[in-house]
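Take a look at the structure below.
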Amino acid sequence: MEKIRDVLSDNFTGKEVSIRGWVYRIRSSGRITFIVLRDSTDIVQCVASSDDLSADAMKDLSSLTVESSLELSGTIRKDPRAVTGYEISINTYKIYERNENFPIARDLGEEFLLDNRHLWLRSREFTAVLKIRSTVFKAFTDYFYGNGYYQVQAPMFVSTATEGGASLFNVDYFGEKVNLTQSSQFYLETMIFSLEKVFTIAPSFRAEKSRTRRHLTEYWHAEGEAAWYNNEDMMEDEEKMIKFIIDEVLKNNMEDLKIINRDPARLENIKVPFQRIRYRDLIEKSREFGMNLKYGDDLGADEEYGIMVHFDNPIFVTDYPESLKTFYHRPDPDSPGEILCHDLLAPEGYGEILGGGERIYDLEELLDRIKKNGLSPEDYYWYVDLRKYGSIPHSGFGLGLDRLVMWICGLSNIRETIPYPRTIRRVKP
Ligand code: 4AD
């Protein structure tokens with residue numbers, strides 16, 4: 001049995017091939033039936049002709065419907081009129097399942113398609129996105145394995161918050177109230193004292209009330225933490241990682257980019273190093289774009305869109321005011337009120353895909369910030385302990401993989417990047 005992509009080649013012309021998959025399209029005109037067959041690799045036009053097949057076989061094949069499953073054998077020839085440039089003349093076939101009425105068709109409502117995600121995700125476009133997503137996950141892992149990091153795992157049931165209480169999901173854990181993790185960061189920090197450089201890929205959960213095109217309640221979070229790194233060291237690893245991921249997509253997914261109409265030049269033109277711009281300077285610069293932001297304003301989806309439509313390359317925004325970020329960020333000793341952190345904003349209006357920076361490593365400073373944020377040091381005893389036993393400077397980051405895929409694929413909603421999106425209004429299928 002061959003895969004479709006492999007037989008779409010002049011090497012196979014005139015040869016007998018066997019393939020199996022699902023009916024992608026079908027049309028009959030009297031003595032001829034055209035079946036476009038799909039497998040995980042591609043599609044190919046197959047033709048059943050009454051010159052080669054019995055009347056019963058012709059009836060059998062011409063009455064097939066979209067998404068029926070079958071295998072077939074036949075001779076393949078080059079044919080520029082066929083959808084992928086080749087055509088197979090069917091000699092023999094076996095039908096696995098004959099479909100009655102596949103519910104997915106063009107022009108169906110958004111909600112209907114989301115309810116039928118388990119069927120919709122077979123679409124050619126979605127398949128292309130999932131292949132790109134697969135490359136992104138692998139490339140992220142490969143980059144860090146190649147640069148001295150260890151892969152680690154953190155728990156999903158937790159008793160602390162990293163990113164503030166407002167977006168916590170509570171779970172009844174045998175009568176005790178615990179949370180679903182918002183970030184594996186604190187657990188990663190515990191592991192740098194033995195492994196020095198660590199990363200993880202895991203879901204993070206946010207009870208986000210906001211219904212924007214870039215928020216999920218469950219998203220895939222790629223996080224890293226590195227001993228001895230300062231803010232700049234961390235940004236250098238991150239930009240190389242992003243460039244590496246993009247290059248891997250360009251190497252492995254050109255066909256998929258074409259299927260989803262993503263111009264590869266947008267990705268080919270991404271250059272490192274990425275520009276670094278301080279938050280205060282970005283606020284100044286936003287005036288050039290006709291925006292009316294002032295120092296201290298938070299940058300949400302709309303503000304970042306307003307800025308990033310003017311960029312073709314990602315930028316790092318650094319040194320945010322303390323008031324805009326959570327308690328663990330290290331204040332800049334040379335610039336009171338600002339912290340040694342960065343967000344990575346993607347171009348073409350996409351905005352934030354990654355946040356990171358230096359962590360407070362002085363015990364008193366951390367205790368002070370925990371208390372100022374209305375939290376209890378007892379709840380964070382294990383995190384505080386790290387500042388008592390061999391504390392060191394270190395930095396880390398969290399990258400939203402779904403958001404990265406959204407930008408790389410040029411999609412308009414984060415839901416289109418993940419097989420089963422979880423949002424404020426959806427937990428099925
Ligand atoms: O900026 P965030 O909240 O930072 C943290 O969680 C840090 N503890 C990470 C770290 O330093 N280890 O989230 C990091 C990234 C964001 O830049 C964004 O890409 C993504 O996670 N993200 C979301 N993606 C989809 N849906 C949501 N609701 C997201 N919230 C954050």
Side-chain angles (χ1 to χ4, degrees), residues 133 136 140 144 149 152 154 156 158 160-169 179-192 197-226 229 231 234-235 237-238 241-242 245 298-301 304 308 314-318 320 324-330 339-346 350-360 380 383 394-408 411 413-418 420-424 426:
R133 183 179 172 99
V136 168
F140 177 87
F144 284 105
Y149 285 72
V152 296
M156 303 289 103
V158 297
T160 46
T162 53
E163 304 302 319
S167 66
L168 277 178
F169 274 112
N179 312 313
L180 292 178
T181 190
Q182 296 170 308
S183 158
S184 299
Q185 176 192 328
F186 290 179
Y187 291 96
L188 260 51
E189 284 186 64
T190 65
M191 296 183 231
I192 61 165
K197 296 205 285 185
V198 294
F199 74 91
T200 196
I201 294 184
S204 278
F205 302 89
R206 305 282 170 103
E208 302 274 6
K209 296 273 160 43
S210 44
R211 230 181 291 153
T212 74
R213 61 191 192 100
R214 63 177 200 172
H215 283 91
L216 294 168
T217 52
E218 175 185 310
Y219 72 94
W220 282 84
H221 207 170
E223 296 181 273
E225 207 65 33
Y229 270 38
N231 201 30
M234 200 67 257
M235 286 189 279
D237 264 10
E238 289 160 10
M241 169 267 289
I242 297 284
I245 292 174
D298 202 358
L299 305 180
E304 288 177 1
M308 294 313 292
I315 61 169
F316 280 116
V317 182
T318 67
Y320 280 79
L324 293 182
K325 297 280 176 186
T326 26
F327 68 90
Y328 53 75
H329 288 285
R330 182 164 174 243
I339 50 178
L340 294 162
C341 71
H342 56 268
D343 278 359
L344 182 64
L345 308 191
Y350 281 95
E352 183 192 339
I353 56 170
L354 173 153
E358 289 184 32
R359 318 310 191 186
I360 295 176
Y380 291 87
Y383 190 62
H394 63 284
S395 296
F397 72 88
L399 163 69
L401 286 170
D402 319 279
R403 286 194 189 176
L404 176 61
V405 172
M406 186 178 163
W407 162 48
I408 288 179
L411 301 171
N413 194 303
I414 197 166
R415 284 192 310 228
E416 294 165 38
T417 68
I418 183 165
Y420 293 100
R422 295 294 178 246
T423 59
I424 182 167
R426 181 163 293 277

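Only heavy atoms go into these numbers, but all of them, side chains included; no hydrogens, no water, no symmetry mates. Counting starts at 1 for both ligands and their atoms, in listed order.
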message: Within the structure provided, determine whether Met406 and Leu411 are in side-chain contact (heavy-atom separation under 4.5 Å).
response: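 Sidechains of Leu411 and Met406: in contact.
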
- prompt: Does the side chain of Glu358 pick up a donor-acceptor pair with the side chain of Tyr328 at under 3.5 Å?
  reply: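 Tyr328 and Glu358 do not have a side-chain donor-acceptor pair below 3.5 Å.
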
field: Donor-acceptor side-chain pairing of Ser167 and Gln182 below 3.5 angstrom
entry: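 Result is yes, a qualifying pair exists.
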
query: Should the pair Arg422 and Tyr219 be classed as cation-pi, given the thresholds of under 6.0 Å to the six-membered ring centre and 45° from the axis?
result: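 Geometry flag: not set, cation outside 6.0 Å or 45°.
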
message: With a 4.0 Å heavy-atom cut-off, what residues sit around ligand 1?
response: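 Contacting ligand 1 under 4.0 Å are Glu163, Ser183, Gln185, Arg206, Glu208, Arg214, His215, Leu216, Tyr219, His221, Glu223, Tyr328, Glu352, Ile353, Leu354, Gly355, Arg359, Phe397, Gly398, Gly400, Arg403, Ile414.
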
query: Is the centre of the Phe397 ring less than 6.0 Å from the centre of the Phe199 ring?
result: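 No; Phe199 has its ring centre 6.0 Å or more from that of Phe397.
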
Heavy-atom pair with the smallest gap, counting every atom of Gly356 and His329: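 Here Gly356 and His329 meet closest at O-CE1, 4.1 Å.
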
